[in-house]
Amino acid sequence: MNRNDLYRAFSGVDDSLLARSETPRRRSYRRWGTLAACLVLMAGVAFGALAAEAKEYTAAAAFFADNGLSMEGLSRADVKAVYRDITTERFTYDKTAEVIQRAVPGLEIHQRQPTPEELAAAWDRNVWLNAQPKAGISYQLDYLEKPDEALGFDVLDRSILECYQDGELLWTAEFPGLMVFSDGVLHTPSGTAVWGQNDRWSSEEPMYSSVARLDEDGNILWQRQLDHGFKDEYISQVVDNGDGTWAVISRGDFEYLCLSQYDTDGNELSVRKTEAGNFGIWNVVRLGDGYLAQLGSITDGETARLVKLDREGNALDTFTYEGEDCDYCIRDMIEFGGRVYLSAYAVPKQTDEGGRYEIAGILAYLFDNMDRVISSEELTPMIRDNYTAVLLLCDPQGGAPETFYSVKGSLGAGLTVNEAGELVWEVESVANTFFSPATNSFTIGGTSQVFRYTFDAAGALLSQEDTGETVPYRR
């Protein structure tokens, strides 16, 4: 499949539903012939400036309230400056550290001023703790630690899982000694699946994983530790088979894909180990009577390798999505309406595929121009031109794309089904960026606006919505 095939498939889609159009504002000018008219104009300009300032302050105050930030001791100008400092992810304004330190639980107070990178990491944690969905079933995780005298520092004591219905707490469950990550929880009609691994501090220690089933009141019905003969085994995903049984997909000794089946009582029905090489297991969805697994490797730039598995875990076929002039990065997969949907983004093929391969060309340009300041106005269009969000609708039997939707300047993100039974595709539209060559965790940072698209069971686009939410962009 090449880019021309994609555009032919996309030719019937209404552009107004997939892109924001910006209509230039009409400007009219009128000559003022008297001093009085000039004074009126000056007053109007002043009033407009005040209105703009009030609008920004209102937005800043709402941002503080939404994220549990205190405005105590801050002037009006400070509130706006901290708001701009956080939302642009610069974290350099002198009051920002004070605000975040007061708001983020568990943030160590340093004698020195925290670096922008430390503040960014703390803010990310704060956003996660406060990002509570308002509708449907959702989960939040917290962790308790305990001192380890032999190691000389605190280690994990337990993971604490909270379940919410429309923002109201339903139940709380605890998992001693088990590190449960945010992607280790799945709500199913037959209960909540929770999985995680031990919190080890040495590669000499074995890595073991456990999976548990909880009822609708948060009671742990059963919990099983996987034992498939590996020294290290971690669970990648749990898939609901639709009949009460669960498929548990794990990776053994960083070399094998292992698929095991469990019944409603936690009995292991079958297990199959398949050599998969040096690839992580990033995602798995049901595909007909079997499964479709996404394998990937960040170091090799392999982000769109898919493997078809039967119910027992036997590998049937392997294929990769790739265009003639672009590469795809698959970020989420879901089965919906008898099809498999892949949320991805496309980037132009790079001449240098090492390291951060998807922006290699942009990085080369930036480092060639280190003698001058690269503004967001110059960098952001380059980043937007580099990305196209793509939603692929695939044949459930063969896995080949039947049609697709695309949004320029964006990255495809999560896929879910809402309470109305519609497919929801979230897209991250790059809004602003900055070049930060001295930062360890990223070189280009910024923010993206989140747009939400809904589709019916036949794959027809119903609507788009600007959620008003922003997420970090970092590469």
Side-chain angles (χ1 to χ4, degrees), residues 13-25 52 55-67 69 80 82-91 120 123-124 126-128 130-135 138 329-332 343-347 358-359 362 374-391 404-416 418 422-436 442-455 461-475:
V13 179
D14 184 355
D15 290 341
S16 66
L17 290 174
L18 291 179
R20 292 178 299 157
S21 60
E22 297 183 0
T23 304
R25 296 180 180 177
K55 182 177 180 181
E56 183 183 22
Y57 179 77
T58 300
F63 178 82
F64 270 64
D66 290 344
N67 289 280
L69 304 179
K80 294 186 295 178
V82 171
Y83 165 67
R84 288 192 298 267
D85 198 39
I86 294 176
T87 55
T88 59
E89 296 187 342
R90 295 188 179 278
F91 300 99
W123 177 250
D124 284 347
N126 184 66
V127 170
W128 162 246
N130 286 283
Q132 177 61 48
K134 296 181 176 60
S138 59
C329 178
I330 298 173
R331 299 187 73 189
D332 202 2
S343 174
Y345 59 82
V347 295
E358 69 183 44
I359 57 168
I362 296 175
I374 305 293
S375 67
S376 176
E377 288 73 17
E378 179 181 359
L379 179 57
T380 300
M382 295 169 59
I383 296 295
R384 287 185 56 83
D385 288 344
N386 195 63
Y387 290 100
T388 300
V390 180
L391 180 66
F404 83 105
Y405 295 90
S406 69
V407 184
K408 293 181 178 180
S410 305
L411 292 78
L415 291 166
T416 55
N418 63 21
E422 301 162 339
L423 179 68
V424 177
W425 180 39
E426 290 196 344
V427 169
E428 299 168 359
S429 176
V430 179
N432 62 74
T433 57
F434 59 93
F435 180 41
S436 183
F442 64 92
T443 306
I444 299 176
T447 57
S448 297
Q449 296 174 272
V450 178
F451 286 79
R452 188 172 293 140
Y453 302 89
T454 57
F455 301 81
L461 180 62
L462 299 175
S463 65
Q464 76 162 358
E465 172 194 1
D466 182 351
T467 67
E469 302 170 8
T470 60
V471 294
Y473 169 84
R474 287 174 183 166
R475 290 297 188 276

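Basis for what follows: all heavy atoms, side chains included, without hydrogens, waters or symmetry-related copies. Numbering starts at 1 and runs along the sequence shown.
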> Under 4.5 Å between any side-chain heavy atoms of Val390 and Tyr345, yes or no?
Replying inline: no
> Who pairs with Tyr387 by side chain to side chain donor-acceptor pair (under 3.5 Å), at least two apart in sequence or on another chain?
Replying inline: Glu358, Tyr473
> Can you find a pair of side-chain heavy atoms, one from Asp466 and one from Gln449, that are under 4.5 Å apart?
Replying inline: yes
>> Can you tell me how far apart OH (Tyr453) and CZ (Phe455) are? Round to the nearest 0.5 Å.
In response: 8.5 Å
>> Test your reading of the model: is there a side-chain donor-acceptor pair from Arg452 to the backbone of Thr467, 3.5 Å cut-off?
In response: no
>> Could you work out, with side chain to side chain donor-acceptor pair (under 3.5 Å) as the rule, every residue matching Glu469, not counting sequence neighbours?
In response: none
> Do Arg331 and Glu428 meet the salt-bridge criterion of a basic N to acidic O distance under 4.0 Å?
Replying inline: yes
> Under 3.5 Å, side chain of Thr380 to main-chain N/O of Thr433, donor-acceptor pair present?
Replying inline: yes
> How about Arg384 and Ser429: does a side-chain donor come under 3.5 Å of a side-chain acceptor?
Replying inline: yes
> What do the steps show when you test Val407 against Trp425 for side chain to side chain contact (heavy atoms under 4.5 Å, CB included), and what is the final call?
Replying inline: CA-CA 11 Å; Val407 184; Trp425 180 39; 4.2 Å; yes
>> Whether the Thr470 and Thr447 side chains hold a donor-acceptor pair (N or O, under 3.5 Å, no angle test) is what I'd like checked.
In response: no
> Out of curiosity, Ser448 OG to Leu411 CG, how far, rounded to the nearest 0.5 Å?
Replying inline: 6.5 Å
>> A side-chain contact here means heavy atoms from C-beta on lying under 4.5 Å apart; do Val450 and Val427 qualify?
In response: no
>> Is there a side-chain contact between Leu462 and Glu422 in this structure, where contact means two heavy atoms from C-beta onward sitting under 4.5 Å apart?
In response: yes
> Can you tell me if Asp332 uses its side chain to pair, donor with acceptor, with the backbone of Leu415 under 3.5 Å?
Replying inline: yes
> Is a donor on one side and an acceptor on the other found under 3.5 Å between the side chain of Ser410 and the backbone of Ala389?
Replying inline: no
>> Using only atom types and a distance under 3.5 Å, with no angle test, would you say the side chain of Thr388 pairs donor to acceptor with the backbone of Ala346?
In response: no
> Under 6.0 Å between the ring centres of Tyr83 and Tyr57?
Replying inline: no
